[in-house]
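Written out below as structure tokens is the structure these notes cover.
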Amino acid sequence: MTSRHVPSPSRRTVVRAAAVTAAAVPVLATATTAPAASAPATAAGQDSAARTPAPAFLHGVASGDPLPDGVLLWTRVTPEPGAEPGSGRGADTPVRWEVAEDREFTAIAASGTTLAAASSDHTVKADVRGLRPATTYYYRFTASGPGPGPEGGEVRSPTGRTRTAPAVGANVAGVRFGVVSCANWEAGWFSAYRHLAARGDLDAVVHLGDYLYEYGIGEYPTQGAALREHRPAHEILDLADYRTRHGNYKTDADLQALHAAHPMIAIWDDHEVANDAWSGGAQNHTPGTEGEWAERVAAAKRAYFEWMPVRASTEGTVYRRLRFGRLADLHLLDLRSFRSQQASIGSGAVDDPERTITGRAQLDWLKAGLAGSDAVWKLVGTSVMISPVAFGALPAHLLQPLAGLLGLPKEGLAVNVDQWDGYTDDRRELIAHLREHGITDTVFLTGDIHMAWANEVPVRAATYPLSPSAATEFVVTSVTSDNLDDILRVAPQTVSLVAAAAVRTANRHVKWVDMDSHGYGVLDVTAERAQMDYYVLSDKKAKDAASSWARSYRTRRGTQEVERADRPVR
């Protein structure tokens, strides 16, 4: 059913807080070619199906979750004109997949057949094994169907490129990941994906959540009309809705190019279901008019696993662990399925030991994995920021009108309770575990907040830097979702510079923050250091937006500290 719930002007507490901080002060690379692919579907998406012979591959190809001996392959078949995602239309369609060591498919490494079934929205997954570690492969699909003529026919998908992980015990010189989060279809073009797709030096792309957004047309962002309207038009609530929205996103040419070029390692955040989700509900869910929460979650997760190149864990969630030789373990978290409801700001409940962001089982799993790891680097994919951030109070004559405008608490305490700041006991337990077990070189990789940050994770923020740092954190900005200059409707790098300085003054473990830019990160890991290169787009609303290097920060092995690097790794 169509949602009648209209979201508030801004959903991100920290972005609001940054806006308040800013408003309260006077305004003082060479790319390689991505794999060849068929012409992508138009942005109009499934409308092109009516003009395309059946079967057809309108949503591209993808791979994900690389292992030393295998990788997960994905595609979606449109079995007949009008068999749009979520429609339930179309016959089950046989599909053949092939993996080769060369782009011409003269050396087939693995092959098999499967079925694009209506019960799975005609999506296809093949969990391929028996491949060689640290090897680039090419893959494609062939669908059999009635075709346009009486003899029927076969249609071949675009060709994708993927790469397996290094052997478990291999001494690896380096691994390199693209890192992205928060891609709102209506807020801009996915140029960040295009620039990552053009790089030939990535082992995988890590997506830290908010791969898609659930809102109805024009509800988010709120700054004027949507740049392009997503489908369906209303807020997505049931299985057909979530399938349709996933299908809509995967008609984007830049997203298709990204998936075709690199394996993706993805976790979800909240918008894959609904804003500020927790185990029993969400800020953007009204049970009286939008159905039961459990049914909505089940629909969203089913569509996610159908449409994403992601292996579900045994718990049917996304927390899992991947290994890249002896150089790095990547621990991926699900911070929505098991968390307690967000606390009221200023209530004191943020410190309640009965409240959790991870759930007991997942936190124990993470602690055991970190303690048992023999990898040089322990990378942790977390959808929301673990480093504490406080914005402080403002003068009353500024606080009251700005709090009313931006939705901040009038008592002036600006803390994002949707992050680990709202669940301090879990954070305390995890940091204590790192310290007590001598676990070093833990790096948190984070999205969600629509800003870029380079942080140290202090044992006690109040006394930092007199107290030590337990880990480091690199936060990537959004692909398109609104950040500070978008919300305030000001020129970038103006008001935000004052706000960023105020944040760093109040939080000495924050070494850098960019509140305005959109883009992506490239994380390069060697035995000596882990470095995040931050790239920004010239204009998220331009289809041909350029990308440029902005900053680089690194942490050297054994230090648990962040320092600025003077150039990107490539």
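All residue numbers in this chain count up from 1 along the given sequence.
For H230 (side chain) and Y215 (main-chain N/O), a donor-acceptor pair under 3.5 Å exists by modelled atom type. H509 places no side-chain N or O within donor-acceptor distance of the main-chain N or O of V389, the cut-off being under 3.5 Å. With hydrogens and angles disregarded, a donor-acceptor distance shorter than 3.5 Å links the side chain of Y242 to the backbone of V273. In terms of modelled atom types and a separation under 3.5 Å, the side chain of Q362 and the main chain of D334 share a donor-acceptor contact. When atom types are taken as modelled, the side chain of K125 and the backbone of M308 share a donor-acceptor pair closer than 3.5 angstrom.
Side-chain rings of W512 and Y534 approach one another, their centers coming within less than 6.0 Å. Ring centers of W185 and Y249: under 6.0 Å apart, within the cut-off.
Using a 4.0 Å cut-off between a side-chain N of Lys or Arg and a carboxylate O of Asp or Glu, R339 and D276 do not qualify as a salt bridge. Using a 4.0 Å cut-off between charged nitrogen and carboxylate oxygen, D121 and R302 do not count as a salt-bridge pair.
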Take D351 and T424, measure what side chain to side chain donor-acceptor pair (under 3.5 Å) needs, and give me the verdict at the end. CA-CA 5 Å; D351 300 323; T424 62; 2.6 Å; yes

Walk me through it: do T356 and D426 pass the test side chain to side chain donor-acceptor pair (under 3.5 Å)? CA-CA 6 Å; T356 179; D426 276 0; 2.6 Å; yes

Verify side chain to side chain donor-acceptor pair (under 3.5 Å) between K301 and S337, making sure each step is shown before the conclusion. CA-CA 10 Å; K301 291 184 176 180; S337 297; 2.7 Å; yes

Evaluate side chain to side chain donor-acceptor pair (under 3.5 Å) for H271 paired with N284, printing each intermediate quantity in order. CA-CA 9 Å; H271 291 291; N284 191 27; over 6 Å; no

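Applying the salt bridge (Lys or Arg N to Asp or Glu O under 4.0 Å) rule to pairs touching residues 364-388 yields R323-D374, R326-D374, R360-D364, K367-E429, sequence neighbours excluded. Screening residues 514-528 for salt bridge (Lys or Arg N to Asp or Glu O under 4.0 Å) gives R176-D524, D524-R529 as the qualifying pairs, with residues at least two apart or on separate chains.
When the side-chain hydrogen bond (donor to acceptor under 3.5 Å, both in side chains) test is applied to R551, the partners found at least two apart in sequence or on another chain are Y553. Take R554 and apply the side-chain hydrogen bond (donor to acceptor under 3.5 Å, both in side chains) test, not counting sequence neighbours, and it matches E563. For H433, the ring pair (Phe, Tyr, Trp, His ring centres under 6.0 Å) test picks out H437, with sequence neighbours left out. Listed by chain and residue number, D533, W549 satisfy the side-chain hydrogen bond (donor to acceptor under 3.5 Å, both in side chains) test with S552 (two or more places apart in sequence, or in another chain).
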